[in-house]
Structures are given as C-alpha cells and as structure tokens.
Amino acid sequence: MVSATPRPPTRSTLNWHLRTRAKAPDALRHLLVDISRAGRDIRYAIQTSEGGLSGGSNQFGEKQLKLDVLADQLMEHYLRESGSVACFCSEEHDDIVEIDPKAPYSVVFDPLDGSSLVDVNFAIGSIFGIYKGSEIIGRTPREQVAAGYILYGPRTIFVYSTGDGVHAFLLSDIGEFILLQEHLGIGDTAKNFSPGNLSAIHDNPGYKRALDHWLEAMTLRYSGCMVADIHHILSKGQGIFSNVGGAKYPQGKLRLIFECGPFAYLIEQAGGASSDGKVSLLDTTITACGQRTPIVVGSKKEVETVVKLLGK
Ligand code: P6P
C-alpha cells in the first residue's frame, strides 16, 4: 500500500524537498536544482582556480576577478541549460541578457558576492532571485517566486525560499545538497550587528546614532561579505545588517535587484523585517539593473529601532 504522506528519503535532497515540501512547479524545481549545480561548480572553481584580475570591469566600474567571470559563466551555463529562463540580470553583465521569451522564469543574480575576499580565504557567496515571466524592470522584490544564496565557507550551504519558509542544505561528500535545517527563523530582538558602508557615519548623523545605539550593548559580527553576514543572522536567529547612504554611496553600496531584493525576501520569509529606511525593500520598484538602495534587514524590533534613528 502506497503511504499517503511521502516519507523523507534517508538523505533529504534539495530536489526531494522542492517536490514534497515546497511543492514547487516542476520548471521552478528544476531551475533551483540547476542553480544549486552552478553553486557546486563555483565552489570547486573557488578552491582550485588561480586568483587575479580578469583585465575587465563590470557595469559598476569594479575590476573583475577571473573568478567573478568564471562564476558568472558557470551560472549562465546552467540557466541556459535549464530551458526555463526567459532572461537574466547579472552583476557581471552590463544589461539584461535575453535567452528565450517563452520560458517561464527570469533570474537575477550576483554570481560571486564578496569575491575580493577570496584571497584572504573568507566565506563568499552567490545570490539569486527568480521572477515569473520575462520582465524584471518594473517589478518589486515582493513578486519574486523564489530567492536564495549559496555560501562558500568551510561548508558549502544552499539556502532557498519559494514562499513557504527558508530552508538550508549542506553540500555532501557526493556533491548533493542534503537538508540541514527547515524553516530558519529570526527573533524580534538582536544581539549582533553587521554595519556596512560604515564611513557613512561621518556625513549621515542617523547612521552615527544607530552605531552608538549598537555599541551600547550589542556585539559586532561583520565579514565584508553580505551573504556570510546575512547567513549569520539566519543561522543565529537574530541580528541586524545594514548598508546605508553616505558621501561616497548616497544610496548605500548595495544593489536592489540582485543583492537587497533577494535578501529582503528571505529575511521576511524567516520572520524578520527589511527596510530602505522608509518602507519594506520588498515594495521598492526595480527601475534599473544598477539601482542601489539603502538596506536595513534582520530582527524586526531592531529594524524598527534603527529606521527611527536613521529618520530622526
Ligand atoms: P563595505 C562585497 O563587495 C559587498 O558587495 C557586500 O557583499 C558587502 O556587504 C559590501 O560590499 C561591503 O561593503 O562598505 O563594508 O566595504
């Protein structure tokens, strides 16, 4: 007799979780597994490729490392191979890349966030967001049907949400992502703070007020890689991450489309909050690939406190 509720296999794989827990449409399930395969190959490239500059620059004028280009090529390869991608927007491409307008999904991604930290052997990551249809500009991050990241640290972790909680998987010895934790949650109060673009305190008095507030009773946890720093919040179940405007980056350093939007989706799915200093980042309209936005994400009560301090 076939059991009514599917029992988890001995090792709950990402594919099993997407099919039986998330109940993701097949095309989305396959796309997420393909993105995880790109992550598996990017991790191998990080561990085995030579370092150094590629000689090129990205749309932001940032010098590209050979690894930036390779990670982008690997992600593009798997997106094209999936057959499910209408177009994509990558930090390493100047504009949106069309693939197949009849395909069901569009993907935004930062193929290797924090890549400048690879030579100091810090954890770095890939970030992605998925939208239904072939349009990205004009959408809001709330319209994402999935978002996630792959963290390349001592362990390689794949984290995703399709709108029913945030779930983490560990890359196993045989190259499969095996379920590590379901429904990661974020409590309302924070003990740790992760302050990016900290030089902004010199010309953003609200950010200086927030820093003084954090230094009173909280503990700094900051690596310089957004993926690692926000994974710290999801893993510990508390914390606050920020990167807000100052003289050098008036809107903060981070991009809405492939950094802040996916993380706002994940953090709010885990019970936390996100803000651009005024409203939830999920409700910010995407107007351009290179659009930057202030970001404050993490424990709900702490985000509320910091937004008040920024706006005073
Ligand atoms: P800051 C890495 O280059 C990155 O894009 C994010 O991963 C990280 O949070 C931020 O920049 C670091 O900013 O101001 O600390 O150098």
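Counting starts at 1 for both ligands and their atoms, following the listed order.
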Any residue meeting salt bridge (charged side-chain N to carboxylate O under 4.0 Å, His left out) with K208, in chain and number order, not counting sequence neighbours
D212
Determine whether the side chains of S90 and D72 contain a donor N or O and an acceptor N or O closer than 3.5 Å.
yes
Could you name each residue pair satisfying ring pair (Phe, Tyr, Trp, His ring centres under 6.0 Å) that touches residues 83-117, not counting sequence neighbours?
F88-H93, F88-F109
Cut-off 3.5 Å, side chains only: do Y149 and H231 have a donor facing an acceptor?
yes
Got a sec, which residues hit salt bridge (charged side-chain N to carboxylate O under 4.0 Å, His left out) with E135, two or more places apart in sequence or on another chain?
none
Please tabulate, line by line, the atom pairs linking an N/O of ligand 1 to a protein N/O at a distance below 3.5 Å, with the distance in Å to 0.1, or answer 'none'.
| residue | atom | partner | partner atom | Å |
| --- | --- | --- | --- | --- |
| ligand 1 | 5 (O) | D113 | OD1 | 3.4 |
| ligand 1 | 7 (O) | D113 | OD1 | 2.9 |
| ligand 1 | 7 (O) | D113 | OD2 | 2.7 |
| ligand 1 | 7 (O) | M226 | N | 2.8 |
| ligand 1 | 9 (O) | M226 | N | 3.4 |
| ligand 1 | 11 (O) | K253 | NZ | 3.4 |
| ligand 1 | 14 (O) | N197 | N | 2.9 |
| ligand 1 | 15 (O) | Y222 | OH | 2.5 |

Side-chain heavy atoms of R209 within contact of K312, under 4.5 Å
yes
